[in-house]
Amino acid sequence: MSPPKRKRTDDYVLYYWSGIPGRGEYVRLALEYAGIPYTERSSDLMETLSSTTKVGAPPHFAPPALQLPSGRIISQTANILNHIAPRCGLAGEWGNKLNTHGEDARETVRALDEEEIEKAEEERSIVNQLVMTALDLQNETHDVHHPIASSLYYEDQKEEALRAAKVFRESRIPRFLEYFEIVLTSNPATAKHADNPLAQTYLVGSRTTTADLVLFHVIDGLLFQFPKRMAKLRESNKYENVFKLHERVQGEKGIKEYIASGKRQKFSMGIFRHYEELDGEE
(Lines give C-alpha, C1' and ligand atoms only; values in the text may rest on other atoms or scores of the structure.)
Protein backbone atom coordinates (compact mmCIF):
# COMPACT_ATOMS: atom_id res chain seq x y z
CA MET A 1 0.00 0.00 0.00
CA SER A 2 1.31 3.44 -0.89
CA PRO A 3 1.52 6.12 1.78
CA PRO A 4 -0.74 9.19 1.56
CA LYS A 5 0.35 11.44 -1.28
CA ARG A 6 2.77 14.00 0.07
CA LYS A 7 2.90 17.59 -1.05
CA ARG A 8 5.92 18.44 -3.19
CA THR A 9 8.41 20.64 -1.35
CA ASP A 10 12.01 21.75 -1.74
CA ASP A 11 12.99 19.87 1.41
CA TYR A 12 15.16 16.81 1.88
CA VAL A 13 14.91 14.66 5.00
CA LEU A 14 17.80 12.37 5.91
CA TYR A 15 16.88 9.27 7.88
CA TYR A 16 19.86 8.12 9.91
CA TRP A 17 21.03 7.16 13.38
CA SER A 18 22.03 9.96 15.76
CA GLY A 19 25.40 10.18 17.48
CA ILE A 20 27.66 8.86 14.71
CA PRO A 21 28.63 10.13 11.25
CA GLY A 22 28.17 6.65 9.72
CA ARG A 23 27.00 6.17 6.14
CA GLY A 24 24.68 9.14 6.46
CA GLU A 25 27.71 11.42 6.49
CA TYR A 26 28.26 11.00 2.76
CA VAL A 27 24.80 12.37 2.08
CA ARG A 28 25.35 15.24 4.51
CA LEU A 29 28.61 16.15 2.80
CA ALA A 30 26.94 16.34 -0.63
CA LEU A 31 24.08 18.52 0.60
CA GLU A 32 26.40 20.73 2.68
CA TYR A 33 28.72 21.18 -0.29
CA ALA A 34 25.79 22.31 -2.45
CA GLY A 35 24.26 24.48 0.26
CA ILE A 36 20.96 22.59 -0.01
CA PRO A 37 18.89 22.66 3.21
CA TYR A 38 17.89 19.38 4.81
CA THR A 39 16.59 18.08 8.09
CA GLU A 40 17.31 14.81 9.86
CA ARG A 41 15.13 12.17 11.44
CA SER A 42 16.64 9.60 13.79
CA SER A 43 13.67 8.33 15.80
CA ASP A 44 11.78 5.13 14.95
CA LEU A 45 14.03 4.60 11.95
CA MET A 46 13.53 0.92 11.24
CA GLU A 47 9.88 0.98 12.25
CA THR A 48 9.34 3.71 9.68
CA LEU A 49 11.61 2.60 6.85
CA SER A 50 10.48 -1.02 6.91
CA SER A 51 6.78 -0.14 6.81
CA THR A 52 5.17 0.08 3.38
CA THR A 53 2.20 1.88 4.94
CA LYS A 54 4.56 4.67 6.03
CA VAL A 55 7.09 4.86 3.19
CA GLY A 56 5.38 3.06 0.32
CA ALA A 57 6.79 0.23 -1.76
CA PRO A 58 9.42 -1.00 -1.67
CA PRO A 59 10.33 -0.80 2.02
CA HIS A 60 13.92 -0.03 2.95
CA PHE A 61 16.42 -2.49 4.39
CA ALA A 62 18.41 0.01 6.45
CA PRO A 63 19.35 3.69 6.69
CA PRO A 64 20.59 5.96 5.30
CA ALA A 65 17.47 6.89 3.43
CA LEU A 66 16.58 10.24 1.92
CA GLN A 67 13.15 11.72 1.46
CA LEU A 68 13.11 13.67 -1.79
CA PRO A 69 11.17 16.86 -2.56
CA SER A 70 8.59 14.65 -4.29
CA GLY A 71 7.92 12.88 -0.99
CA ARG A 72 9.37 9.58 -2.22
CA ILE A 73 12.09 7.97 -0.10
CA ILE A 74 15.16 6.26 -1.56
CA SER A 75 17.93 4.35 0.22
CA GLN A 76 21.41 2.85 -0.22
CA THR A 77 24.30 5.31 0.09
CA ALA A 78 25.68 5.12 -3.45
CA ASN A 79 22.18 5.20 -4.93
CA ILE A 80 21.26 8.34 -2.96
CA LEU A 81 24.46 10.07 -4.00
CA ASN A 82 23.99 9.14 -7.64
CA HIS A 83 20.46 10.53 -7.54
CA ILE A 84 21.27 13.90 -5.98
CA ALA A 85 24.70 14.42 -7.58
CA PRO A 86 23.49 16.42 -10.63
CA ARG A 87 21.43 18.81 -8.52
CA CYS A 88 24.34 19.22 -6.08
CA GLY A 89 26.73 19.95 -8.95
CA LEU A 90 28.69 16.82 -8.03
CA ALA A 91 28.19 14.57 -11.06
CA GLY A 92 30.94 16.00 -13.26
CA GLU A 93 30.81 18.72 -15.88
CA TRP A 94 28.59 16.67 -18.19
CA GLY A 95 26.85 14.63 -15.52
CA ASN A 96 25.61 17.83 -13.90
CA LYS A 97 23.60 18.56 -17.04
CA LEU A 98 21.24 15.74 -16.01
CA ASN A 99 19.87 17.86 -13.17
CA THR A 100 16.08 17.95 -13.51
CA HIS A 101 15.31 20.11 -10.47
CA GLY A 102 13.58 23.26 -11.70
CA GLU A 103 12.30 24.33 -15.08
CA ASP A 104 15.61 25.89 -16.19
CA ALA A 105 17.42 22.64 -15.42
CA ARG A 106 14.82 20.57 -17.26
CA GLU A 107 15.12 22.87 -20.25
CA THR A 108 18.87 22.22 -20.29
CA VAL A 109 18.23 18.48 -20.32
CA ARG A 110 15.70 18.80 -23.15
CA ALA A 111 18.25 20.73 -25.20
CA LEU A 112 20.81 17.90 -25.06
CA ASP A 113 21.22 15.81 -28.18
CA GLU A 114 21.61 12.04 -28.12
CA GLU A 115 25.41 12.13 -28.04
CA GLU A 116 25.46 14.70 -25.24
CA ILE A 117 23.00 12.68 -23.15
CA GLU A 118 25.16 9.61 -23.62
CA LYS A 119 28.24 11.56 -22.57
CA ALA A 120 26.46 12.93 -19.49
CA GLU A 121 25.13 9.53 -18.43
CA GLU A 122 28.54 7.92 -18.85
CA GLU A 123 30.31 10.56 -16.75
CA ARG A 124 27.67 10.28 -14.03
CA SER A 125 28.18 6.50 -14.00
CA ILE A 126 31.96 6.84 -13.80
CA VAL A 127 31.57 9.10 -10.77
CA ASN A 128 29.27 6.53 -9.18
CA GLN A 129 31.71 3.74 -10.00
CA LEU A 130 34.41 5.52 -8.01
CA VAL A 131 31.97 6.26 -5.18
CA MET A 132 31.24 2.55 -4.90
CA THR A 133 34.94 1.65 -4.93
CA ALA A 134 35.62 4.09 -2.09
CA LEU A 135 32.67 2.60 -0.19
CA ASP A 136 34.22 -0.84 -0.70
CA LEU A 137 37.26 0.47 1.17
CA GLN A 138 34.97 1.78 3.91
CA ASN A 139 33.33 -1.63 4.25
CA GLU A 140 36.67 -3.43 4.49
CA THR A 141 37.79 -0.91 7.13
CA HIS A 142 34.74 -1.66 9.24
CA ASP A 143 35.24 -5.41 8.88
CA VAL A 144 38.70 -5.16 10.45
CA HIS A 145 37.25 -4.60 13.91
CA HIS A 146 34.22 -6.82 13.24
CA PRO A 147 35.61 -9.61 11.02
CA ILE A 148 33.11 -12.28 12.11
CA ALA A 149 29.80 -10.50 12.64
CA SER A 150 28.52 -6.98 13.27
CA SER A 151 26.16 -8.42 15.87
CA LEU A 152 29.06 -9.52 18.09
CA TYR A 153 31.06 -7.25 20.38
CA TYR A 154 34.60 -6.38 19.33
CA GLU A 155 35.91 -8.18 22.42
CA ASP A 156 34.23 -11.40 21.22
CA GLN A 157 36.25 -11.38 17.99
CA LYS A 158 39.41 -9.55 19.06
CA GLU A 159 41.78 -12.38 18.11
CA GLU A 160 40.35 -12.53 14.60
CA ALA A 161 40.41 -8.72 14.39
CA LEU A 162 44.14 -8.65 15.16
CA ARG A 163 44.79 -11.02 12.26
CA ALA A 164 42.48 -9.08 9.94
CA ALA A 165 44.12 -5.76 10.88
CA LYS A 166 47.60 -6.98 9.99
CA VAL A 167 46.53 -8.03 6.50
CA PHE A 168 44.48 -4.87 6.02
CA ARG A 169 47.35 -2.59 7.04
CA GLU A 170 49.95 -4.41 4.98
CA SER A 171 48.09 -5.00 1.73
CA ARG A 172 44.55 -3.67 1.50
CA ILE A 173 45.09 -0.01 2.45
CA PRO A 174 48.05 0.34 0.05
CA ARG A 175 46.10 -1.44 -2.70
CA PHE A 176 43.20 0.99 -2.52
CA LEU A 177 45.44 4.06 -2.14
CA GLU A 178 47.48 2.95 -5.14
CA TYR A 179 44.33 2.57 -7.22
CA PHE A 180 43.04 6.04 -6.36
CA GLU A 181 46.48 7.57 -6.91
CA ILE A 182 46.46 6.09 -10.42
CA VAL A 183 42.95 7.45 -11.03
CA LEU A 184 44.09 10.92 -9.96
CA THR A 185 47.32 11.00 -11.95
CA SER A 186 45.75 9.51 -15.10
CA ASN A 187 42.80 11.92 -15.17
CA PRO A 188 43.13 13.50 -18.64
CA ALA A 189 41.31 16.66 -17.55
CA THR A 190 44.01 17.55 -15.02
CA ALA A 191 47.15 15.85 -16.39
CA LYS A 192 47.99 18.91 -18.51
CA HIS A 193 48.12 21.02 -15.34
CA ALA A 194 50.36 18.67 -13.36
CA ASP A 195 52.59 21.61 -12.36
CA ASN A 196 49.70 22.94 -10.23
CA PRO A 197 50.06 21.24 -6.80
CA LEU A 198 46.28 20.78 -6.51
CA ALA A 199 45.53 19.97 -10.14
CA GLN A 200 45.68 16.21 -9.79
CA THR A 201 43.34 16.02 -6.82
CA TYR A 202 40.15 15.50 -8.83
CA LEU A 203 38.98 11.97 -9.56
CA VAL A 204 36.76 12.90 -12.51
CA GLY A 205 37.17 15.99 -14.64
CA SER A 206 38.42 19.15 -12.98
CA ARG A 207 35.71 19.79 -10.43
CA THR A 208 34.60 18.19 -7.17
CA THR A 209 32.25 15.21 -7.44
CA THR A 210 30.59 12.88 -4.98
CA ALA A 211 33.53 10.54 -5.57
CA ASP A 212 35.91 13.16 -4.14
CA LEU A 213 33.67 13.70 -1.12
CA VAL A 214 33.35 9.99 -0.38
CA LEU A 215 37.09 9.36 -0.73
CA PHE A 216 37.74 12.38 1.51
CA HIS A 217 35.56 10.95 4.27
CA VAL A 218 37.00 7.44 3.96
CA ILE A 219 40.56 8.80 4.19
CA ASP A 220 39.46 10.84 7.20
CA GLY A 221 38.14 7.66 8.80
CA LEU A 222 41.34 5.75 8.06
CA LEU A 223 43.40 8.54 9.62
CA PHE A 224 41.28 8.13 12.76
CA GLN A 225 41.30 4.33 12.83
CA PHE A 226 44.91 3.75 11.77
CA PRO A 227 46.89 6.94 12.58
CA LYS A 228 50.28 5.19 12.72
CA ARG A 229 49.81 3.26 9.48
CA MET A 230 48.41 6.24 7.59
CA ALA A 231 51.25 8.47 8.78
CA LYS A 232 53.75 5.94 7.44
CA LEU A 233 51.95 5.72 4.10
CA ARG A 234 51.83 9.51 3.83
CA GLU A 235 55.57 9.70 4.50
CA SER A 236 56.24 7.29 1.63
CA ASN A 237 55.01 9.92 -0.88
CA LYS A 238 53.57 7.10 -3.01
CA TYR A 239 50.03 8.39 -2.54
CA GLU A 240 50.73 12.12 -2.52
CA ASN A 241 47.69 13.16 -4.54
CA VAL A 242 45.28 11.08 -2.46
CA PHE A 243 46.34 12.95 0.66
CA LYS A 244 46.26 16.25 -1.23
CA LEU A 245 42.66 15.48 -2.26
CA HIS A 246 41.82 15.02 1.42
CA GLU A 247 43.35 18.41 2.22
CA ARG A 248 41.67 20.12 -0.72
CA VAL A 249 38.17 18.85 0.00
CA GLN A 250 38.20 19.89 3.65
CA GLY A 251 38.90 23.44 2.46
CA GLU A 252 36.14 23.43 -0.19
CA LYS A 253 33.33 25.97 0.06
CA GLY A 254 30.47 24.36 1.92
CA ILE A 255 32.64 21.65 3.45
CA LYS A 256 34.93 24.10 5.21
CA GLU A 257 31.94 25.87 6.76
CA TYR A 258 30.30 22.57 7.69
CA ILE A 259 33.42 21.41 9.56
CA ALA A 260 33.85 24.78 11.29
CA SER A 261 30.20 24.83 12.38
CA GLY A 262 30.67 21.87 14.71
CA LYS A 263 27.74 20.04 13.10
CA ARG A 264 30.01 17.35 11.69
CA GLN A 265 29.98 14.49 14.17
CA LYS A 266 33.24 13.01 15.39
CA PHE A 267 34.29 9.43 14.78
CA SER A 268 33.72 7.22 17.80
CA MET A 269 32.11 3.77 17.81
CA GLY A 270 30.64 3.71 14.31
CA ILE A 271 32.15 2.39 11.09
CA PHE A 272 35.59 3.83 11.82
CA ARG A 273 36.87 2.87 15.29
CA HIS A 274 40.31 3.29 16.75
CA TYR A 275 41.75 0.40 18.73
CA GLU A 276 45.41 0.93 19.55
CA GLU A 277 46.20 -2.77 19.25
CA LEU A 278 44.90 -2.87 15.66
CA ASP A 279 47.17 -0.07 14.43
CA GLY A 280 50.81 -0.29 13.41
CA GLU A 281 53.29 1.26 11.00
CA GLU A 282 53.85 -1.79 8.83
Side-chain angles (χ1 to χ4, degrees), residues 21 25-26 29 130-147 154 158 160-204 206-252 255-256 258-260 264-282:
E25 187 66 11
Y26 302 107
L29 287 169
L130 294 170
V131 163
M132 295 175 77
T133 304
L135 290 176
D136 285 343
L137 173 54
Q138 171 215 252
N139 292 339
E140 288 197 27
T141 307
H142 168 271
D143 290 348
V144 167
H145 54 74
H146 277 70
Y154 165 67
K158 185 173 179 179
E160 292 83 358
L162 288 168
R163 294 179 62 193
K166 187 174 189 302
V167 174
F168 186 70
R169 293 195 310 267
E170 291 179 352
S171 62
R172 298 307 289 164
I173 299 178
R175 176 67 185 92
F176 275 100
L177 295 188
E178 179 185 24
Y179 170 74
F180 283 112
E181 183 71 17
I182 291 171
V183 174
L184 290 167
T185 56
S186 64
N187 180 354
T190 59
K192 56 189 175 184
H193 303 296
D195 55 327
N196 180 339
L198 291 180
Q200 294 185 294
T201 62
Y202 296 86
L203 290 167
V204 179
S206 55
R207 61 181 64 189
T208 298
T209 64
T210 49
D212 296 319
L213 296 184
V214 172
L215 183 58
F216 156 74
H217 186 63
V218 173
I219 295 300
D220 220 35
L222 285 168
L223 288 167
F224 172 78
Q225 186 163 332
F226 299 102
K228 292 178 183 177
R229 181 56 173 149
M230 292 298 284
K232 194 71 174 180
L233 291 169
R234 187 198 291 266
E235 290 172 7
S236 74
N237 290 322
K238 292 180 180 179
Y239 319 105
E240 181 180 9
N241 291 296
V242 173
F243 287 104
K244 283 183 178 180
L245 177 149
H246 177 262
E247 294 169 5
R248 174 183 66 77
V249 170
Q250 66 184 350
E252 286 273 292
I255 303 302
K256 180 180 179 179
Y258 174 50
I259 294 172
R264 190 175 188 224
Q265 300 178 74
K266 297 182 182 299
F267 295 115
S268 56
M269 296 302 287
I271 295 171
F272 300 100
R273 306 184 187 188
H274 176 66
Y275 294 101
E276 183 67 27
E277 62 272 21
L278 299 184
D279 194 13
E281 293 187 349
E282 80 287 1

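Side chains are part of it too, since the values below use all heavy atoms of this structure and drop only hydrogens, waters and symmetry mates.
Between Tyr239 atom OH and Met230 atom CE the span is 10.0 Å, to the nearest 0.5 Å. One finds the CG atom of Asp136 at 10.0 Å from the OH atom of Tyr179 (value rounded to the nearest 0.5 Å). Leu184 CG to Thr190 OG1: the interatomic distance, rounded to the nearest 0.5 Å, is 7.5 Å. To the nearest 0.5 Å, the span separating CD on Glu178 from CG on Leu233 amounts to 11.5 Å. Atom CD1 of Ile255 sits about 8.5 Å away from atom OG1 of Thr208, to the nearest 0.5 Å. Atom CD of Glu25 sits about 10.0 Å away from atom CD1 of Ile271, to the nearest 0.5 Å.
Taking all atoms of both residues into account, the shortest heavy-atom contact from Val242 to Leu177 is CG2-O, 3.8 Å. The minimum heavy-atom distance linking Pro147 with Ala161 is given by the pair CG-N, 3.6 Å. Residues Thr201 and Leu245 come closest through the heavy atom pair O-CD1, 3.3 Å. In plain terms, the two heavy atoms of Tyr154 and His145 that are nearest each other are CD1-O, 3.3 Å. In terms of heavy-atom proximity, Glu170 sits nearest to Pro174 at O-CG, 3.5 Å. Looking at every heavy atom in both residues, Ala211 comes nearest to Leu130 through CB-CB, 3.8 Å.
Taking the six-membered ring for Trp and thresholds of 30 and 60 degrees, Phe176 and Phe180 have nearly parallel ring planes, at less than 30 degrees apart.
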Between Gln225 and Thr141, does a side chain to side chain donor-acceptor pair (under 3.5 Å) hold up when you go through it step by step?
CA-CA 9 Å; Gln225 186 163 332; Thr141 307; 5.6 Å; no
Run the side chain to side chain contact (heavy atoms under 4.5 Å, CB included) check on Leu213 and Glu252 step by step: do they pass?
CA-CA 10 Å; Leu213 296 184; Glu252 286 273 292; over 6 Å; no
For the pair Glu240 and Gln200, evaluate side chain to side chain contact (heavy atoms under 4.5 Å, CB included) and give the outcome as yes or no after the intermediate values.
CA-CA 10 Å; Glu240 181 180 9; Gln200 294 185 294; over 6 Å; no
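Remark: Arg229 is not positioned above the aromatic ring of Phe168, lacking an NZ or CZ atom under 6.0 angstrom from the ring centre and at most 45 degrees off the axis.
No side-chain heavy atom of Val249 sits under 4.5 Å from any side-chain heavy atom of Leu215. Inter-residue side-chain proximity for Tyr26 and Gln138 is flagged as met; some heavy-atom pair is nearer than 4.5 Å. The shortest side-chain heavy-atom distance between Tyr275 and Leu162 does not fall under the 4.5 Å cut-off. Using a 4.5 Å heavy-atom cutoff, the side chains of Arg234 and Leu223 are in contact.
Counting only distance, with no hydrogens or angles, the side chain of Glu181 and the backbone of Asn241 share a donor-acceptor pair below 3.5 Å. For Arg248 (side chain) and Lys244 (main-chain N/O), no donor-acceptor pair under 3.5 Å exists by modelled atom type. A donor-acceptor pair is defined here as one N or O able to donate and one able to accept, closer than 3.5 Å; no such pair exists between the side chain of Glu282 and the backbone of Arg169. A donor-acceptor distance shorter than 3.5 angstrom exists from the side chain of Asn187 to the backbone of Tyr202, with no hydrogens or angles considered.
Taking a cutoff of 4.0 Å between a charged side-chain nitrogen and a carboxylate oxygen, Arg264 and Asp220 qualify as a salt bridge.
His246 pairs by the ring pair (Phe, Tyr, Trp, His ring centres under 6.0 Å) definition with Phe216, not counting sequence neighbours.
Aromatic ring centroids of Phe272 and Phe224 lie 6.0 Å or more apart.
When only modelled atom types and interatomic distance are considered, His274 and Glu276 share a side-chain donor-acceptor pair under 3.5 Å.
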